[in-house]
2 protein chains.
Amino acid sequence: MHSEVVASRSAEQRDSRESRNGTPHLDAVSLAIIEQLQEDGRRPYAAIGKAVGLSEAAVRQRVQKLLDQGVMQIVAVTDPLTVGFRRQAMVGVNVEGDVESIAEALTDMSEVEYVVMTAGSFDILAEIVCEDDDHLLDVINKRIRALPGVRSTESFVYLKLKKQTYMWGTR
Amino acid sequence: MHSEVVASRSAEQRDSRESRNGTPHLDAVSLAIIEQLQEDGRRPYAAIGKAVGLSEAAVRQRVQKLLDQGVMQIVAVTDPLTVGFRRQAMVGVNVEGDVESIAEALTDMSEVEYVVMTAGSFDILAEIVCEDDDHLLDVINKRIRALPGVRSTESFVYLKLKKQTYMWGTR
DNA sequence: GCGAGATCTGCGGATTCCGCAGTCTTGGCG
DNA sequence: CGCCAAGACTGCGGAATCCGCAGATCTCGC
C-alpha cells in the first residue's frame, strides 16, 4: 500500500483544459483520488489525502468538484436481480437518421439505466431494468420500437450477473 | 421527501431466508437504505436512519452487513473514456459446452469489468475496458477467442456513453 | 510588476463514526 | 410451558471525521 503519488504541482496541476467532448482534463492526483474511492466510496478524506499526498481539505475540495462536474459519482451499486427487479435485458438498437436523438430519448426512460452509442452491428446498446416480463415487453415493444427512427432491435435477457467491478483504476 | 418507511418489525424483519441463488432476502427497510445510498453513497447514517425510521447504529449495522454479504457495494463510478481509458467495448460471446466456465474465465480477466449470462443470440455479454486499440485487439483476439469452448464473438466498440444511473430504486 | 483566479494548508467547532453494554423479540428445545 | 441462545435495535460516550473559512502560494495574462 501507500502508493504516494507525488503532486508535481506545476505544469500538471493547473491544467484545466477541456477535451473535445466537454469533459475536463484530469491530472494524476485526481485519478489517484478516484482510484481510492473506487476501492471504498466511504473512505475518509484524511486517509485519501495521506495516500495521494494532499491535505484533507484539498481532497475534500477536489472530490466535491469531481462530483459537481459529473466526472464521478459515489453511489451504492447492486445486482438489480437480487433487489426485486426480476427482468433485466440489454437491447441492441439500429437507427436510421439521427442516432443522437434516439439515444437521448432512451436516456429519458426511467427503466433504462445505461445507454451507449457504439460502432458495430448496433448503433446503440441500452440496458433495461424491469419489474417483470410484462413490464419488459412493454418497454421494448411499445416504447422503444415506437420511437421514430428506430429500424430494429434485438434483446438479450439477463440470466445471471457474474461480475460487476469499478476498480479498473487499481490493476 | 421524508418517505418514512415504517418497520413492521414482526413477520417481515426476522426473515433471513435465502432465495435459490444464495442471495439473502431483503426486507423493505434494507431496500429503503439502499435507495438512500443510491442517491448519495456518502450520506450520513443518521440522515438515513431518519428517512427509514431506524437509529443511527441500526443503519450502520445493516449497511455493514449488506456490504459484507456482497449485496451492495459503495464505490465511485466514472465514465472510463473520460479517465484515460481510450477504448471500451461490449463483446457478445457464443459458447459450445459449459457456459458457466467460460463466464468464469472472463470474470478472471482484469480488463473485463462486467460479465452477464444472457438468453438470446449471445450466451454471454462482457464489457471490456482497455488502454488503446492494441490492448483491445489483444484481449479480444488473443485472450477471449482463445478460450476453449468459445465458438464466436462479436464486438461493439463504445463511441460515447450517454447514461449511467444506479437510482432505479428511486423512480 | 501586479492583480485575478484557482488551489492548497491549517485551523477550530459541529457533526459523524464507532464500539459496547443493555433491551427486546423470536425460535428452538427439553 | 419455561428457559436459553441468537439476532436486531437503542442509547451513549469518546474518538475520528467533516466542514467552512481565512490566509498563503502559485500561475497566468496584461
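All of these numbers come straight from a predicted model, not from anything done at the bench. Letters A, B, ... mirror the listed sequences (proteins, then strands); counts begin at 1. Side chains are part of it too, since the values below use all heavy atoms of this structure and drop only hydrogens, waters and symmetry mates.
Between A:Q69 atom CD and C:dA6 atom P the separation is 12 Å, expressed in whole Å. Between the CG atom of B:L54 and the C1' atom of D:dG7 there is a distance of 14 Å, given to the nearest Å. Regarding A:Q61, its CD atom lies at a distance of 13 Å from the C1' atom of D:dG23, rounded to whole Å. The distance between atom CD1 of B:I33 and atom P of D:dA8, rounded to the nearest whole Å, is 12 Å.
Residue pairs meeting the salt bridge (charged side-chain N to carboxylate O under 4.0 Å, His left out) criterion with at least one partner in residues 146-159 of chain A, sequence neighbours excluded, are A:E96-A:R151. Applying the ring-ring contact (aromatic ring centres under 6.0 Å, His included) rule to pairs touching residues 111-154 of chain B yields A:F156-B:F122, sequence neighbours excluded. Residue pairs meeting the salt bridge (charged side-chain N to carboxylate O under 4.0 Å, His left out) criterion with at least one member in residues 122-136 of chain B, sequence neighbours excluded, are B:R87-B:D133.
In this structure, CD on A:Q61 lies 7.0 Å from OG on A:S55, to the nearest 0.5 angstrom. Put simply, CG on A:L37 and CZ on A:R43 are 7.5 Å apart, with the number rounded to the nearest 0.5 Å.
Residues forming a ring pair (Phe, Tyr, Trp, His ring centres under 6.0 Å) with B:F85 (at least two apart in sequence, or on another chain): A:W168.
Taking a pair as Watson-Crick or G-U wobble with both distances under 3.5 Å, the runs of three or more consecutive pairs in DNA chain D are C:1-30 with D:1-30.
Of all heavy-atom pairs between B:R145 and B:N141, the closest is CD-OD1, 3.3 Å.
A salt bridge between A:E100 and B:K162 is present, with a side-chain N of the basic residue lying under 4.0 Å from a carboxylate O of the acidic one.
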Produce the list of close N/O pairs, under 3.5 Å, pairing protein atoms with atoms of nucleotides 16-19 of chain C; give distances to one decimal.
from: C:dC17; atom 1: OP1; to: A:R42; atom 2: NH1; distance (Å): 3.3
from: C:dC17; atom 1: OP2; to: B:Y45; atom 2: N; distance (Å): 3.0
from: C:dC18; atom 1: N4; to: B:E56; atom 2: OE1; distance (Å): 3.4
from: C:dG19; atom 1: N7; to: B:R60; atom 2: NH1; distance (Å): 3.1
from: C:dG19; atom 1: O6; to: B:R60; atom 2: NH2; distance (Å): 3.1

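Applying the 4.0 Å criterion to OP1 and OP2 of D:dA8, one finds that B:K65 has a side-chain N or O inside that range.
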